[in-house]
Every structure is written in C-alpha cells, then in structure tokens.
Amino acid sequence: MYKSLFSKLMFTYIAVIIITLLVLGMAMSYLLEGYYYTAKEAELLEKGREVARIIAENAGQNRSAAEIVDNLNRLLDNQAVLISRNHLALISRNQFAGIARRHWLGPADAQMLLRGETVSRRGYVARIDQMVIFVAVPVQLNNEVAGALFLSAPLADVTDAVEAVRGLMFYAAIPALLLAVLLGLYSSRSIVLPLRRLSEATVQIAGGDYRQRVQIDTKDEIGQLARHFNQMAMSLEETVGALAREKGKIESILANMAEGVVAVDGANRVILLNKRAARTLGLNENADLTVQIYGKPLPDSQLKELFAAVVASGEACSKEYTPDGVQTYILAHVSPLIDRAGNNFGAVGVLQDITELKKLDQLRRDFVANVSHELRTPLTSVQGYVEALLDSAVPDQERDKYLSVIHRETLRMNKLIYDLLDLSLIESRKEEWELNEIYIPELVEQVLVKMRPLMEKQHVTLKRHFPDRLPPALGNEDRIEQVFLNLLDNALKFSPPGGVITLQVKIDNNTITVSISDQGPGIPLEDIEHIWECFHRVEKSRSRTLGGTGLGLAIVKQIVEAHGGRVSVQSKPGQGSTFSFTLQALPPEQGSGLS
C-alpha cells in the first residue's frame, strides 16, 4: 500500500498540509505570546515609571518612600517593592542574595539599575504555581538613583489568551485539513487512475498482447503520454508481428532442411540447433533441445574441435568425419559468424549426412567391379578357346566341345547384359507398365509350362496351395511372370534332386502374399540382409556353374516394389529358404478387366 503512487501522493499532501499548519500555528502562537508579553511588560514598566515619579515627588514632603509604596499597593493590582541604593550596591557585588533571588535580580541587573536603566524578567513562581513577570525601575532623587522599585504581575491572563488562540487555530485547522485531504484524494486519483491503466496495458503488452490501447482524453502530460503509448503499442505490434513471421519462416526453413544446422557462440556453446542436426549428432530430436543442448558444448568431440578452430581462426573450414558412436558419414561446412564491426562472435555449420552417398558410391564401385568380373571370366574363356582354335592347337574331335563352351559363355554374357539393361530400365522408372487383372493360378500355370522341362530333368516337383476364393491382383502380367520365373528358377537351382518346391498364396486385407519355399542348403544369417543386392551370391562358384548372373533377386525386388509391394526372405542353413512377395488385390467391384 505504502509503495503505490496514490498513497505516496496522499501522504505527501497530508504531510505538507500538517507541516504547514504546524509551522503556521507555532509561528502565530509565538507571535501572539510575544505580543502579549511585550504589552504586559510595557504596561508594568509604564506603571513603574509613574510610581517612581510619584515617589520622587512626594519624598520632599517628609513622607517616606515605604509609606508611599504601601499606599500605592492598595490602589494597584500589582505588588510593588522598593529596594534602596545600598541594597542595590550589595546585590551588584553579589553580597545580598536573599532579595536578589526573591526578585530574580542578578549583579548585572543591579548594576543596570544603578546606572538608571530598567530591568524586566519572566519566570515560574512555585508558590503561586504560575508564570510571573517582574520589572525593576530606578527611583531617582536629585538626579541620582536612590533605589529601585520592583513590580510583579502574574501572566495567567496572558497564558489563557495564548491558549485560547491556539485552541481556535487547532479547531480551524481540522476542517482545513479535511478539505485538503479531499482535494488531495481527487487530485491523486486523477493522476493515478490513468497511470494505472497505462501500467495494466504495459503488463498485457509484456505478456504478448500487443493489441492493448489506453483511452485517456485529457490534454495534459498524462494524456500526451497515453497517446504516445498507443502509438508505441501500434508500432510494436507491427514490428513484433513482422519479426514473428520472419522468425517463423526461419524456424520452418531450419526445421525442414535436409541438412543439419548448428551455431555456437564465442565460447563454443550451442546457440542454435535444428532437428536434423540433433538426429545427426545422436540426440533425442523430440526432447526439448533448449534444455538438452542449448548453452552447452557440442557433444561430438571432432565437431567441437572443428568449431573451436573456426572460432579461433575466423576462417571457414570443411571436414568429412564420422560422429562419435554413430555409424554415419558427415560432411561439415563451418563458417565464422562476424558482426557489422568485423568481430567474430561464433560460428555456424551445415552438417550433411553423406552416408547414403558413400553407400551409393561403394555400391557403384562394387557394381563396376562385379560387372567387370562377371564379364571378364567368360571373355577370358572365350578368348582362350578362340586363340586355341586359331592356332590349330585343338584336335578335330575337340573342336565341337570348344565351340560349345564358346557358345555357352556367349549366351551367359548376353544374359548378363540383358539383365543389366532390364534392371537399369526398371530402376529408372521410365517404362510405363500396362496394369491389368492377374489371376495368380493361371499365371503360375504359364510359368510351369516354361519351367517343366527343367523341373523334370532335376526330378523336382512343385506343390501349389491357393485359397478357395482368390481375387485377381493388379499388375503387369509380363513383369509378374518374370518375378515367378526368377524365384522358381532360383529355388530349382538350389533344390536337391527329388526335392519339393512349395508355392503358397494367401489373401489378407486386399493384400496377396506369394511364398516360394525350397529344400535347398539355406542362407547364412550374415548373407540374408545382402541377398537382394546385385551380384550377391551365397555360393559364388556353384551359382556361376548353374548359370546365374547374380541379378535375378535384385530384379525381383525392383519389380515388386514398383508394384507397391514388398519382398522378404526367411531361411536357416540346412533347412531351405522361403522367398515372399506381396501384390495388391483388386476389390470385387473393380475386378472387371483393366487394360
């Protein structure tokens, strides 16, 4: 309460009025008191001089001064005492203390009286319990001081008059004080209420509500302050709105950037970090990054050293590194942050995850190496056999055998090239496939017509399991037939003589799942994750002997995924393998023959 402006103004008004009234009352009281005392003193002195004159005039008529004083005491309302010159002389030498104490007369006063001067005193008399005024007037006979006349009078009437005046002033001060309080209340409220409105509006603006306006119609300084406040609020609303929009744009850009962005201050503490950078550094991107990392050093030691070097040197730097504890490759471009004065106050870095690029580059290298190896082997064989034929180093009975090997290796190279071109065409998604209804049982029968001679040769049988009501699938018939051919051919190659291949079809929620299981040697666990890659073979020598190019499963994966399905494999060494893929089933109302 005592800290509010209203209370301060009110207390100030009241304090000023009270102090003014007190000062004025005290001044008037002292002035009146002095006036009454001076008037009383002058009255006594006048009486004393008149009595002294009477004593001087009657002293020559053989009447004693004491007798004259006694007669005058009966007429005067004041008590008169006469002291002789001898007594005055004794008092002046401080040798007659009795009379001196009784009449408040000191040696200096006695000397003044002997010189013909008057003396006046005021004091409290305990005997009558009141203030008394004393005056002493010299009595002169023949131009010489013959003694002194003392007159005294009580000051009760003077004191009563002063007290009455003081009481009157006190009672007059009460309504004046009340009136001043009312005026101060009105004045204080007229000042405080507009300021309170301004204060409340300021609090609202500080809380983010920049639409606050203050309606004050006065034309004084407070009204002018309100108008300036409204102008400031309007300008602040526009400025903060523009800043918020720009901040939102920047935050949206940073949040959706494919690259991570990190900024540090001069002490190498994080001041900015987007979610991509948090993910790159292995942080929890869904947590509060302000608490998790802001204001702290970078958690990655290599990146921390890179930023520290850029902050120290003021020069941009780039580095490719692997973060601590994360199996990724990061390319960091770090540049210094420089203000308008040219001072370096931190650094900002862009982190690019190049793991996929590294993998693609490695895949490209492996692909080129595998293609070169796959082509070099048959070309070497063809070259060797052709050179032998050209040199006539082959007996006539062996020529057909050599030509047969050359023909087989040529077919193998031709199939490899065809598969490479086919895989490249599928991956490029440039070929537009005609989608239509595919009836899986009918398509399987077409595939078996092509595969039956080879299956009979290896004495392998195929068991088929189809649901009773199997809807048609949506896809390109030639490409799905290629999937069946590759998977069945792969199962046939690794099935033992007399083995059984199981083809099972299931339908679940408009998804058709086709599984092809064999009784082959199975796939080791470390090879399963690579089984769909180009040129990957579990048993390289046996696969090449069986005529495989290492691209069949890669082509299957690309075709199925292009149809919106997915592929999978389950296998254990010595227990065979099961390859599966999914296709989208056509709803009954759409199964009317698409083309």
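Note that the structure is predicted; figures quoted are calculated from it, not measured. These numbers come from the heavy atoms of this one structure, side chains and all, not from hydrogens, waters or symmetry mates.
- For L303 against A332, the heavy-atom pair with the smallest separation is CD1-CB, 4.1 Å.
- Not one N or O on the side chain of S252 forms a donor-acceptor pair closer than 3.5 Å with the backbone of G248.
- Not a single donor-acceptor pair under 3.5 Å links the side chain of E481 to the backbone N or O of Q446.
- Between G314 and N344, the closest heavy-atom pair is CA-ND2, 3.7 Å.
- The structure places NZ of K249 at 8.5 Å from CD1 of I253, a figure rounded to the nearest 0.5 Å.
- In this structure a side-chain-to-backbone donor-acceptor pair under 3.5 Å is missing from T322 to Y329.
- Within a 6.0 Å sphere centred on CD of Q584, other residues, nucleotides and ligands contribute 12 heavy atoms or fewer.
- Here I507 contributes atom CD1 and T513 contributes atom OG1; the two are 7.5 Å apart, rounded to the nearest 0.5 Å.
- In this model, no donor atom of one side chain and acceptor atom of the other lie less than 3.5 Å apart for Q224 and R227.
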**Prompt:** Would L454 and Q458 satisfy side-chain contact (heavy atoms from CB on, under 4.5 Å), going step by step from the backbone distance to the final call?
**Reply:** CA-CA 6 Å; L454 187 59; Q458 294 189 225; 3.9 Å; yes
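- Between V310 and S335, every side-chain heavy-atom pair lies at or beyond the 4.5 Å cut-off.
- Of all non-hydrogen atoms in A585 and P471, the two that sit nearest each other are CB-CG, 3.9 Å.
- Using modelled atom types, one side-chain atom of T582 and one backbone atom of R566 make a donor-acceptor pair closer than 3.5 Å.
- Side chain of N274 to main chain of E259: a donor-acceptor pair is present (N/O by atom type, distance under 3.5 Å, no hydrogens or angles).
- Taken from CD in Q352 to CE in M257, the straight-line distance is 8.5 Å, to the nearest 0.5 Å.
- Counting only heavy atoms from C-beta outward, the side chains of I501 and L488 approach each other to under 4.5 Å.
- If you take CD1 on I531 and OG on S568, they are separated by 12.5 Å, rounding to the nearest 0.5 Å.
- The backbone N or O of G576 sits nowhere less than 3.5 Å from a side-chain atom of D518 that would complete a donor-acceptor pair.
- Atom NE2 of H407 sits in a sparse spot, with 12 or fewer heavy atoms from other residues, nucleotides or ligands closer than 6.0 Å.
- Screening residues 327-356 for salt bridge (charged side-chain N to carboxylate O under 4.0 Å, His left out), with sequence neighbours left out, gives R276-D353.
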**Item:** Step-by-step side-chain contact (heavy atoms from CB on, under 4.5 Å) determination, L462 to L503
**Value:** CA-CA 7 Å; L462 177 69; L503 189 152; 4.0 Å; yes
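- Taking the side chain as every heavy atom from C-beta outward, V483 and F581 approach each other to under 4.5 Å.
- Considering only heavy atoms from C-beta on, L448 comes within 4.5 Å of M455 through its side chain.
- Here the shortest heavy-atom pairing between Y321 and D300 reads CE1-OD2, 3.3 Å.
- Between the side chain of N509 and the backbone N or O of T511 there is no donor-acceptor pair closer than 3.5 Å.
- Contact check for Q302 versus I330: no side-chain heavy atoms found under the 4.5 Å cut-off.
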**Prompt:** Should L474 and L583 be marked as a side-chain contact (heavy atoms from CB on, under 4.5 Å) after you check the CA-CA gap, both sets of side-chain angles, and the distance that decides it?
**Reply:** CA-CA 7 Å; L474 178 64; L583 293 174; over 6 Å; no
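- For the atom pair I438 CD1 and I480 CD1, the distance stands at 5.0 Å (nearest 0.5 Å).
- Within the model, atoms CD of Q570 and CD of Q575 stand 12.0 Å from one another, a figure rounded to the nearest 0.5 Å.
- Between F579 and L553, the shortest heavy-atom contact is CE2-CD1, 3.8 Å.
- Contact of the F466 side chain with the V444 side chain is registered, since non-hydrogen atoms from C-beta on lie closer than 4.5 Å.
- W532 places a side-chain heavy atom less than 4.5 Å from the side chain of V556.
- Residues I559 and N486 have side chains not in contact (no heavy-atom distance under 4.5 Å, counting atoms from C-beta outward).
- Taking all atoms of both residues into account, the shortest heavy-atom contact from L331 to H333 is CD2-NE2, 3.4 Å.
- Between the side chain of H563 and the main chain of N476, a donor-acceptor pair closer than 3.5 Å is present.
- Remark: the backbone N or O of L492 is not paired with any side-chain donor or acceptor of N490 at under 3.5 angstrom.
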